[in-house]
Every structure is written in structure tokens, then in C-alpha cells.
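A short write-up of the structure that comes next.
Counting begins at 1 with the first residue of the sequence. Only this structure's heavy atoms are used, side chains among them; waters, hydrogens and symmetry mates stay out. Counting starts at 1 for both ligands and their atoms, in listed order.
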Amino acid sequence: MGESTTPPEIERDEIHTIDDDRFSPENVCIVTGAASGIGRAVTLVAAANGLTVVATDVDEDGLEGTADRAAELAVEGTVETVPADLRDDAAMDALVDAAAELGELRYLANVAGLQHVASIEAFPMERFDEIQDVMLRAPTYLAKRCLPHMREADGGCVGNMASVHGHYVTSDKVAYNVAKFGLRGLTQSIAAEGDGTVRSFSVSTGYVETPLVTNQIPDTAEQRGISEEAVVEDVMLGQARAKEMMAPVDVGNLFVIGFSRLARHLNGGDLLFDGGMTLTYD
Ligand code: NAD
């Protein structure tokens with residue numbers, strides 16, 4: 001892989017820290033998808049802000065990599081790894097119970113996701129179901145299980161990783177599009193039922209430099225007969241005004257801002273940080 005296709009490692013000076021009374025080790029944050037990309041970034045930023053982070057993923061090696069990076073960065077909080085498959089309710093029950101044992105369970109970041117590219121006519125329904133299970137049902141189930149803890153702690157927040165595909169869609173990604181639109185509905189439902197005690201927000205970005213994206217660059221370049229740089233500039237950033245992809249740490253910082261007192265009036269809203277992708281055109 002060329003340099004342009006390697007996801008960036010997160011460095012300490014890129015992490016934004018916020019002065020917030022609740023950002024301390026007795027407060028616990030569950031992060032899904034924590035083995036890779038954006039979930040790893042949310043984990044590292046939350047832990048660097050002093051929280052106890054329960055990092056979960058089905059990829060156990062990746063989770064260890066996240067914990068190792070937290071140790072290298074000497075984060076103020078801690079990272080506990082709890083492997084779980086988000087298609088398994090019993091595993092999610094065990095995850096929430098383990099998190100609640102560690103302190104006040106106040107924060108949940110639903111980040112895990114996957115993609116499948118096929119037309120509606122050709123879309124395999126078992127793959128559609130898997131995507132809904134991981135990207136929509138699991139966030140709902142985890143919210144259902146975490147909300148009582150957040151109410152008991154007298155304050156909490158759920159952050160959901162949506163996408164520009166929760167605002168507009170591209171063809172051949174029906175399951176992903178449906179899940180991301182649904183996630184915004186979940187976000188607003190939590191806000192409606194949170195009574196101001198539990199807040200919720202979503203984050204919508206365009207392309208972020210994670211393995212999910214960078215792994216596609218060489219193949220796309222070959223398929224289209226263009227350079228890897230052209231894939232990034234013309235295909236991925238073609239509709240955005242931004243000149244470079246967002247880094248995972250940028251998204252990690254957004255989640256922690258959303259969890260913080262700075263965002264106390266953010267409730268049900270979406271943080272659309274897409275470099276102008278959905279709201280402008282040439
Ligand atoms: P990634 O592939 O690097 O990470 C996704 C993680 O989800 C992986 O570690 C994977 O193991 C985990 N996961 C998948 N199925 C699981 C299951 N059944 N149980 C538990 N964990 C499971 O991807 P990423 O780019 O970091 O994406 C994270 C989220 O951000 C996704 O929801 C994605 O839709 C969203 N997003 C990504 C981008 C982007 O450009 N990278 C843009 C907008 C939104």
C-alpha cells in the first residue's frame with residue numbers, strides 16, 4: 001500500500017481534551033467497533049479525557065491493538081476490553097453488566113458498522129439482516145439496556161455514528177442507507193424519551209481515513225484505471241469542498257465534545273461534519 005492508503009496512527013497532540021467535571025474515571029463509556037478506525041479513535045479520545053472506557057468489538061486482536069495504543073499514549077483514564085458480537089443479546093447483556101460494575105455508566109458510543117455493495121434486486125437478504133442487526137438493532141438494544149443506568153446516574157448521553165448516508169444516499173448500498181437513516185431516528189427517539197436527563201446525538205461524516213475506506217482505494221484505482229491519488233481526490237472527495245479526508249481522531253474528538261457539557265443543548269441533533277458534501281454543489 002502507498003502512503004496515501006495507510007490509515008493514520010492517533011497521536012496525543014491531536015486529541016482534544018475538555019474540562020468537564022464528569023470526565024473522570026468513575027464514569028464509564030461503552031464504545032462499539034472499538035477494534036478499528038473510528039471506534040478505536042473514540043476509545044482513545046474518551047480515555048484521554050479521563051473516562052473509564054469499555055471497548056468492545058468482535059475482533060479481539062484489534063481490541064488488543066486499541067488497548068496497546070492507549071497504553072503507549074499513557075491516557076489518563078483506562079481502557080477495558082470486552083469482546084462481544086453485536087448480533088448476540090446475551091453478549092450485549094454481559095457487556096452492559098460489566099460496564100456498570102466499573103462505575104457510573106453514563107456514555108454509549110454506537111460506532112460498529114459494516115458495508116455491502118449490491119443493487120436492491122441483487123441484495124442478499126441475510127446480509128441485509130446482518131447489517132440491520134449490527135448497525136440498528138444493537139444500538140437500540142444497547143440504549144435500552146444502558147438508559148436505566150444513565151437515569152440512575154442522573155445524566156448520560158448516547159452518541160450514534162451515522163454518515164452522509166443518513167442524509168442522502170448512493171446507489172447499491174441499500175442496507176447501509178436504511179440503517180443510517182434509522183440511526184438518526186433512534187437518536188431522536190432517545191432524545192424524546194431522555195427527559196433532558198439522557199441526551200443523544202448523531203455524527204454524520206463523509207469519508208474518514210479508516211481501514212474500511214483505505215482498503216478500497218487500490219481496488220477502486222484498478223477498477224477505474226486511475227491513480228490512488230485520483231480515487232481520493234475525485235471519487236471520495238469529488239463532491240466535497242474539503243481537500244482531504246477526515247482523520248479518525250477528528251471523529252473521536254467530535255464524540256467527546258458531544259458527550260461534554262459544551263454540548264448540553266445538543267439533544268437529538270446531528271453533527272454534520274462532511275466538508276460541504278451534502279449541502280453544496282459545483
Ligand atoms: P472499521 O471497519 O474500521 O470498523 C468497524 C468495526 O465494527 C470493526 O472493528 C468491526 O469488527 C466491528 N464490527 C462489525 N461487525 C460487528 C459485530 N457483529 N459485532 C461487533 N463488532 C462488529 O470501520 P470505520 O470506518 O471505523 O466505521 C465505523 C463506523 O463509522 C461505521 O458505523 C461506519 O458506517 C461509520 N462511518 C464510516 C465512515 C468512513 O468513511 N470510514 C464514514 C461515515 C460513517
Exercise. If you measure from the Lys or Arg side-chain nitrogens to the Asp or Glu carboxylate oxygens, is any gap between Arg137 and Glu130 under 4.0 Å?
Worked result: no
For this session: Report yes or no: does a heavy atom of Ala84 sit under 4.0 Å from some atom of ligand 1?
Result: yes
Exercise. Which atoms from ligand 1 have a heavy atom of Val213 less than 4.0 Å away?
Worked result: 39 (C), 40 (O), 41 (N)
Exercise. Does Asp57 pair with Arg40 as a salt bridge, N-O distance under 4.0 Å?
Worked result: no
Problem set entry | Minimum-distance protein heavy atom relative to atom 43 (C) of ligand 1 | Thr205 OG1, 3.3 Å
For this session: Flag Val134 as yes when one of its N or O atoms lies below 3.5 Å from any N or O atom of ligand 1, and as no otherwise.
Result: no
Problem set entry | Asp282/Arg241 salt bridge by N-O under 4.0 Å criterion | yes
Exercise. Where is the nearest protein heavy atom to atom 23 (O) of ligand 1: which residue, which atom, and how far?
Worked result: Leu212 CB, 3.6 Å
Problem set entry | atom 29 (C) of ligand 1 [closest protein heavy-atom partner, distance rounded to 0.1 Å] | Val111 O, 2.9 Å
Problem set entry | Ala162 to ligand 1, any heavy atom closer than 4.0 Å | yes
Exercise. Hey, are Asp20 and Arg22 close enough for a salt bridge, meaning a charged N less than 4.0 Å from a carboxylate O?
Worked result: no
For this session: Check whether any heavy atom of Lys180 sits under 4.0 Å from an atom of ligand 1.
Result: yes
Problem set entry | Contact with ligand 1 for Gly206, non-hydrogen, under 4.0 angstrom | yes
